[in-house]
Every structure is written in C-alpha cells, then in structure tokens.
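Just below is one structure, and these are the notes that go with it.
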Amino acid sequence: MGFFTSLWQGFHSAIVRTFVTDDRYLIFAKGLQNTLVITLGALIVGIFIGVAVAVLKVYYYQVGPFKLWPSLGSFLRTGRLRYLNQVLLRLMDGFLNCYLTVFRGTPVVVQLMVWAFVVFSSTNEVLVAIIGFGINSGAYVAEIVRAGIMAVDKGQTEAGRSLGLSAWATMRLIVLPQAFKNVLPALSNEFIALLKETSIVGYIAVTDITKAAALVRARTFDAFIPLFFVASVYLIMVTILTYFQKKLETVLQASDRK
Amino acid sequence: MKNTTVTNDVAIQVTGLKKNFGDNQVLRGIDETIRKGEKVVVIGPSGSGKSTFLRCLNLLERPTEGRIFVHGDEITARGCNVDKLRQKMGMVFQHFNLFPHKTILENITLVPIHTGLMKRKEAEERAYSLLERIGLKEKALTYPNMLSGGQKQRVAIVRALAMSPEVMLFDEPTSALDPEMVGEVLSVMAELAEDGMTMVVVTHEMGFAREVGTRVLFMDEGLILEQDEPKAFFANPKHPRLVDFLSKVL
C-alpha cells in the first residue's frame, strides 16, 4: 500500500466514525439547528432592544439632558409635572446607561451562566440562551444604532416635524431608515460576532454545533475532522450572511446614484 | 389676555417673544402682527435672530418667553397640538432637507398620506400637478440626489404646498444655491405670492424683498429695529443700523 492510499483510508474511516457510526450526523444536525435558532432569536431580541434603547437615549438628549436633583427640587417646590417628567427621563437614561455598562462590561459567557443557573434555572436552555445573547447583543446594537441616528442630519428631523409629522413618525419614517443604512456594515459585524459567540452555549448544556463537535470528538478520539467541519460550517454561514449584507447595501444605495 | 385684539384677518400675532440659548439672548422682545396675505420679508445681518424668529413661528424653537397666536389659536399654550399646527404652516429650509431615501413623489406624498390628509391616489395626483407647475413632472420617480440645488428647493416648496398650508415660512431659501439657480426658486415663490399665500421670508435677496414683499422688517441683535413697505423701506431708511446695513448689501 502506498503512502497516499493509507492516508486516504485513515481519513475515510475517520469521516465514517465522525458522521456515520451511531448516526452521529444527527448530533451535528441538532447542533446546527440550535445554533441557528439561538442566533436568529437573539438577533431579533437584540434588534428590538437595541433600537428601543437607542431611540430613547436620543430622545432624552434631544429634550434634555436634565440634572436629577435640581429637577427633583423644582418638582417638589412647584409641583409641576414638567419637572417630574424631567426626573423620570433622567432616571430612565441612568437605567439605560447601567444596562449598557453592565452588559458590555462583563463577559457574555458569565452573563449566560447567570441567566441559566441563577435567574431562571429553567430546563429550556435554548430559550435562556436566546434571552441571554439577545440582551447582550441589544447593548451593542443600541450603541451602533444610536451612532447611526446621530449621523442623520438634524434638518431631516426638522423637515419631518415642520410638515406636521409626530416625533415618533419622523423617527420611524425619516430618521431610522437613513440611520439603518448608515450602520448596516457595523450591524452585520455585530451579527457575525453573535453567530460565532453562540459557540459558548455548551457552558449551559445546550448542544450547539460546537458542542456537537466536542461530543463526537470525545467518542471517536479524533479532533481533526469534527473541528474542521464545524469551522467550515461557521465560515459558510458567515459567508452567506455577508452575501445578504452586500445585496441589502446595493438595494439601499439605489437613492445614492447621481 | 392680550389676545382680544385678534381679528379675522390676522394670520400670526407675536407678543413679547424672547429666546435664549443658554446665556445667549437671541431674541430680546418681539411684537409683530402678520395679516393674511401679507408677504413679510425679514432681513438683517447674520446672528441678528431672524432665523430664530422664523423658527419660533412653527415652534421648531421653543420661545423662552412670549406668546404666539396663529389664526387666533395660541400655539405657545400648553397642550397645543403642535403637529396639527405645523400641517397648516409650510416651511422651506436653506438646505432643502428633502428625504434622500424617498423618491421625489414620495417626498411630496409621504406626509399627506401618513397624516390621513389624503388617500394615496389623491395625494399622488396632487403631487403630479404640483410638479407639473414647477416643470419637474418627469423627475417624480427619481431620488433627490439626482436633482440640482434649484430643483431640490423647488421640490421642497412643493412638498410643503402639498399639505395645503395657510402660511409659508422660508428660511433663507436661496442662500445655499449656485447663483444661476436663485432665479428659478424666487420665481416659484413670486408665483406663490401672487396666488395670495401668506408668506414670511428670511432672505438676503433685496430684489425679492423689493418686488414681492408687501412689508420688510429689519432685525438686529434680537429686535425688529425698523419696518415699512418696501419702497419707503429701501428709499428712506431711518435707523442708523439699517442705513449702515443697506449701504453694505445694496
């Protein structure tokens, strides 16, 4: 037997052991499914939280900012609701800042374990992972979207308001679409990072595709095939994501043509 | 209540209007009555507060003090529906502020449709007829980026007109234009004036003030220092600041 023939046979039997024996491909399939479900779920939660936080923060800085104690003092002295409103807005901004600081300032794997073992201790770990990653991602998306909103010319808001649109309608119809276009590359970055970050859900006993590889590796004592397979799967998923990002960018750039 | 003097032909009444930006007092007490159908032109050096005055009229700036009435309703009162008010007051900006992600047609129809003023079909018909008036009907489905400055500003005027406003505010509408495009914008405004629109125009175009304006206000340092109908205003300025200003710009 030649050298290459024996190399091929070794390779072939490793593939068989990794994927075929005991129907191990099913572990990978289940893992891939979990990876996709968690990523997609966290993406939706993250966008929802991120846009809401960004809009609220921008709103606060448009009408404010306010100082807590002077506003509270004015409210207690005059009893006017305007000052109470200022106090509440200031507290809201403080709360949002805490959220951003805590969730961007601690490792996502620690957050995930806190959700799974301290807060929920639920048996639905996939749902816990969606919540954990979603809330974490929301903090990053919030700052990205806020940057995008602030990059839209103030005249756009003024034009919308001067025509009689409400503040929220102006935000939704005029500002956010332009902000979204500004930050699409940064958002894609965040989503790619999120997809790959989900590879740590093994810590809370979810079998994602990375965990699947580890499980199979422990059975077959072969690390090469499962790890390179999993790496390729991530690479392919990221490539697909990037493809759609480019497509979307092209569509959004239709209005830029001169 | 000072408002008892408001009669039917008053479009805008301003009393004791002051506006501070921090410690900087930009408007220092303005009293002014604008009647329906008037074309009031506001001139003055930069930093005189003329733009701020205009922006207070539709509450893009909140007055620090003073009251503003539009068609008898106090817009500075608490609980006034600002959005409803603005639907009746069009505004045109120095930098056009067309929505770059919307086509020209959508720029014009977006707000009338969204606010329920018109159904889509009606709004589009009106948009096309307005665009035809300014000779840009064939541009309806293109984006603002593809238009020249003068074309953008004419579209911006039409966008405001689509809401059927009763008053039009112009904030230096020709200041950001190349010189050869100023004329096309001014002629649309002159047409609008002929149609009887109540207009308040902040501008540096003295020719426009003279020919289209029914009254000219001179502002400096947050006050209206002098006002008159255009002929007398330019022929016989009295306040030394105005004499000085006119000697520099004419």
Side-chain angles (χ1 to χ4, degrees), chain A residues 59 61-67 70 74-75 78-86 89 145 148-184 248-258, chain B residues 51 54-55 57-62 78-79 81-104 106-117 141-148 155-156 159-165 167-171 176:
Chain A
Y59 175 73
Y61 279 96
Q62 272 175 3
V63 296
F66 306 111
K67 292 199 168 74
S74 302
F75 171 62
T78 63
R80 284 172 70 178
L81 288 177
R82 188 159 74 96
Y83 294 112
L84 181 64
N85 198 28
Q86 293 181 359
L89 281 169
V145 173
I149 292 174
M150 290 194 305
V152 175
D153 187 72
K154 204 166 153 262
Q156 292 292 310
T157 305
E158 289 183 349
R161 296 307 306 274
S162 80
L163 286 164
L165 283 182
S166 68
W168 170 236
T170 306
M171 179 57 79
R172 193 164 52 86
L173 300 172
I174 311 295
V175 179
L176 279 180
Q178 296 180 56
F180 179 71
K181 183 173 151 188
N182 290 341
V183 299
L184 187 61
L248 194 54
E249 263 180 56
T250 315
V251 171
L252 292 178
Q253 272 159 4
S255 61
D256 290 342
R257 277 197 300 271
K258 300 239 173 192
Chain B
S51 276
L54 192 75
R55 290 160 59 84
L57 297 182
N58 68 352
L59 295 188
L60 276 186
E61 304 290 353
R62 277 267 165 198
R78 281 205 285 156
N81 187 339
V82 181
D83 297 336
K84 269 273 173 299
L85 152 84
R86 287 175 178 148
Q87 288 171 20
K88 293 280 144 223
M89 282 179 109
M91 187 168 205
V92 175
F93 299 87
Q94 183 177 353
H95 294 288
F96 331 129
N97 297 344
L98 293 181
F99 307 132
H101 61 304
K102 301 278 182 196
T103 63
I104 300 305
E106 288 167 340
N107 262 275
I108 300 169
T109 59
L110 176 76
V111 183
I113 293 172
H114 185 79
T115 54
L117 193 70
L141 299 178
T142 63
Y143 288 94
N145 248 328
M146 301 171 195
L147 302 188
S148 71
V155 170
R159 177 176 69 174
L161 289 179
M163 296 295 292
S164 310
V167 179
M168 284 284 283
L169 310 174
F170 293 84
D171 189 4

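Throughout, a chain's letter reflects where its sequence line sits, starting with A, and its residues are numbered from 1.
- Proximity to chain A is limited to the side chain of B:F93, based on heavy atoms less than 4.5 angstrom apart.
- Within the 4.5 Å cutoff, the side chain of A:Q156 has heavy atoms near those of the B:P100 side chain.
- Among B:H95, B:K84, B:M89, B:H114, the residue with the largest count of heavy-atom pairs under 4.5 Å with chain A is B:H114.
- Minimum heavy-atom separation, B:Y143 to A:A254: CD1-O, 4.0 Å.
- The OG atom of A:S166 sits 10.5 Å away from atom CZ of B:R86, with the distance rounded to the nearest 0.5 Å.
- Atom CD of A:Q178 is separated from atom NZ of B:K102 by 9.5 Å, given to the nearest 0.5 angstrom.
- Taken to the nearest 0.5 Å, the OG1 atom of A:T157 stands 9.5 Å off from the CG atom of B:N97.
- Without hydrogens or angle criteria, B:N58 side chain to A:S162 main chain gives no donor-acceptor distance under 3.5 Å.
- A distance of 4.0 Å separates CD in A:E158 from CZ in B:R55, rounded to the nearest 0.5 Å.
- Put simply, CG on A:D256 and NE2 on B:H101 are 12.0 Å apart, with the number rounded to the nearest 0.5 Å.
- For B:L110, the part sitting under 4.5 Å from any heavy atom of chain A is the side chain, from C-beta outward, and nothing else.
- In this structure, chain B has heavy atoms under 4.5 Å from both the backbone and the side chain of A:L173.
- Using a 4.5 Å cut-off between heavy atoms, B:R159 contacts chain A through both its backbone and its side chain.
- Residue A:Y59 qualifies as open at atom OH: its count of foreign heavy atoms under 6.0 Å is 12 or below.
- Nearest heavy atoms, A:A159 versus B:F99: CB-CE2, 3.9 Å.
- Separation of atoms OG1 (B:T115) and CG (A:L163) is listed at 9.0 Å; rounding is to 0.5 Å.
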